[in-house]
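Data block below; observations after.
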Amino acid sequence: MAEKQTILGRITNMAKANINALLDRAEDPEKMLDQMIRDYTNSIREAESAVAQTVGNVRLAEKDLEEDRAAATQWGDKAALASKKAEEARQSGDTAEAERLDNLARLALGKQIDFEQQVKAQEPLLVSQKEMAEQLKAGLAGMKTKLEDLKVKRDQLVARQKTAQAQNQVQETAAKFNLADPTSELNRFEEKIRKQEALAAGRAELASESLENQFAELEKSGSSAEIEARLAALKNK
């Protein structure tokens with residue numbers, strides 16, 4: 001029984017040792033948590049086998065006890081029958097038969113006593129076995145509950161890890177592109193465009209002034225021709 005009492009403790013300690021080893025080399029938290037769940041699941045399978053064996057032994061002990069009780073009752077009935085027949089033989093005057101039957105009754109009573117002693121010895125052991133089986137079943141149920149808690153915790157931790165990774169990625173990207181103050185880059189770009197626009201406007205203005213000067217020259221040349229024509233007309237008079 002002492003060995004059975006420590007089976008869950010040994011299995012649990014082995015699982016803890018595996019988990020601690022994983023935590024020490026936790027290179028990938030998600031993989032580490034998945035391995036923890038696999039190890040703990042395997043430990044539960046081992047515990048289930050040990051508990052099943054213990055429960056099976058209890059059922060065998062119960063069956064043996066019931067058989068011994070039934071045997072004690074049967075031998076008691078046989079002793080009573082032999083004693084009754086012995087009295088009937090004695091009343092009929094057959095003392096030899098009566099003595100033989102009394103001896104059979106004595107033998108039956110001896111068997112009855114042997115089985116009763118076995119029952120008396122087995123009863124406290126069976127009670128102890130039943131208590132141990134219940135403790136092991138409760139411990140196994142606790143391990144299964146912890147496994148479910150571990151699975152829930154695993155999902156939560158993985159989700160938190162992914163969220164943290166995404167946040168770090170955003171921060172790294174923001175640092176690369178200086179998203180904290182984008183106006184400086186935009187202002188520089190806008191200033192370049194304004195200079196280009198000013199250059200284009202200046203060229204357009206210069207082109208316009210050149211065209212006006214050409215027309216002005218044409219107008220001047222036209223006025224001079226008219227003056228010369230009038231002067232020639234005066235001379236001809």
Side-chain angles (χ1 to χ4, degrees), residues 1-21 35-153:
M1 291 301 292
E3 184 177 358
K4 291 297 183 183
Q5 288 177 341
T6 60
I7 183 66
L8 288 186
R10 292 202 307 270
I11 292 173
T12 301
N13 289 337
M14 289 174 60
K16 286 182 179 179
N18 291 338
I19 289 171
N20 290 335
Q35 186 61 48
M36 285 173 60
I37 291 174
R38 284 193 292 271
D39 289 345
Y40 208 68
T41 300
N42 292 334
S43 297
I44 287 176
R45 290 198 186 100
E46 294 179 19
E48 283 178 334
S49 179
V51 173
Q53 183 63 58
T54 301
V55 173
N57 291 339
V58 169
R59 298 297 172 254
L60 287 176
E62 288 176 336
K63 184 179 179 181
D64 291 342
L65 182 60
E66 289 303 315
E67 289 177 352
D68 288 346
R69 284 173 176 167
T73 300
Q74 290 173 359
W75 283 110
D77 292 340
K78 289 178 180 180
L81 178 61
S83 177
K84 180 181 177 182
K85 293 295 183 181
E87 288 304 315
E88 291 176 355
R90 189 170 284 109
Q91 290 176 2
S92 65
D94 191 349
T95 53
E97 180 64 13
E99 187 62 27
R100 186 184 71 81
L101 291 171
D102 280 339
N103 287 333
L104 285 177
R106 291 185 182 94
L107 290 173
L109 289 171
K111 291 286 187 181
Q112 182 185 33
I113 291 171
D114 288 341
F115 280 109
E116 286 176 347
Q117 289 176 344
Q118 290 183 34
V119 168
K120 187 177 180 180
Q122 289 176 12
E123 284 177 337
L125 292 176
L126 180 58
V127 170
S128 177
Q129 283 182 308
K130 285 183 176 180
E131 290 176 352
M132 180 53 56
E134 292 303 317
Q135 291 176 7
L136 290 175
K137 286 162 69 175
L140 179 60
M143 291 179 70
K144 290 181 178 180
T145 298
K146 288 181 180 179
L147 176 59
E148 294 305 315
D149 293 341
L150 179 59
K151 289 179 179 179
V152 172
K153 192 66 174 178

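Counting begins at 1 with the first residue of the sequence. Values in this document were obtained by computation on a predicted structure and should not be read as measured data.
If you check the side chains of Gln35 and Asp39, you find a donor sitting under 3.5 Å from an acceptor. Using modelled atom types, one finds no donor on one side chain facing an acceptor on the other under 3.5 Å when comparing Gln122 with Asp64. For Asn103 and Arg106, the side-chain atoms include at least one donor-acceptor pair closer than 3.5 Å. Donor-acceptor pairing under 3.5 Å is lacking for the side chains of Asp114 and Gln118.
In this structure, OG1 on Thr145 lies 12.5 Å from CG on Leu150, to the nearest 0.5 angstrom. Rounded to the nearest 0.5 angstrom, Lys153 NZ and Ile37 CD1 are separated by 13.0 Å. In this structure, Leu60 CG and Gln129 CD are separated by 9.5 Å, a value rounded to the nearest 0.5 Å. Residue Leu126 holds its CG atom at 9.0 Å from CZ of Arg59, rounded to the nearest 0.5 Å. For the atom pair Thr73 OG1 and Gln112 CD, the distance stands at 7.5 Å (nearest 0.5 Å). Atom CG of Leu104 and atom CZ of Arg100 lie 5.5 Å apart (nearest 0.5 Å).
The minimum heavy-atom distance between Ala98 and Ala89, with the atom names listed, is N-CB, 3.8 Å. Closest non-hydrogen pair, Ala133 versus Val55, comes out as CB-CG2, 4.2 Å. Taking both residues in full, the closest heavy atoms of Leu140 and Ala47 are given as CD1-CB, 3.9 Å, listed atom of the first, atom of the second, then distance. Across every non-hydrogen atom of Tyr40 and Lys146, the tightest pair is OH-CD, 3.6 Å.
In this structure the side chain of Lys130 reaches within 4.5 angstrom of the side chain of Glu62, judged on heavy atoms. For the pair Glu67 and Phe115, the minimum side-chain heavy-atom distance is 4.5 Å or more. When side chains are defined from C-beta on, Glu123 counts as touching Val119, because their heavy atoms get closer than 4.5 Å.
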Item to complete: With side-chain contact (heavy atoms from CB on, under 4.5 Å) as the test, would you mind laying out the steps for Asp149 and Val152 before giving the verdict?
Response: CA-CA 5 Å; Asp149 293 341; Val152 172; 5.7 Å; no

Item to complete: May I have the step-by-step check of side chain to side chain donor-acceptor pair (under 3.5 Å) for Asn42 and Glu46, ending in yes or no?
Response: CA-CA 6 Å; Asn42 292 334; Glu46 294 179 19; over 6 Å; no

Item checked: Stepwise side-chain contact (heavy atoms from CB on, under 4.5 Å) check, Gln117 with Ile113 -> CA-CA 6 Å; Gln117 289 176 344; Ile113 291 171; 3.7 Å; yes

Step by step, would you call Lys63 with Glu66 a salt bridge (Lys or Arg N to Asp or Glu O under 4.0 Å)? CA-CA 5 Å; Lys63 184 179 179 181; Glu66 289 303 315; over 6 Å; no

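Salt bridge status for Arg45 with Glu48: absent, with no side-chain N to carboxylate O gap under 4.0 Å.
Counting only residues at least two apart or in different chains, side-chain hydrogen bond (donor to acceptor under 3.5 Å, both in side chains) contacts with residues 76-89 comprise Glu87-Arg90.
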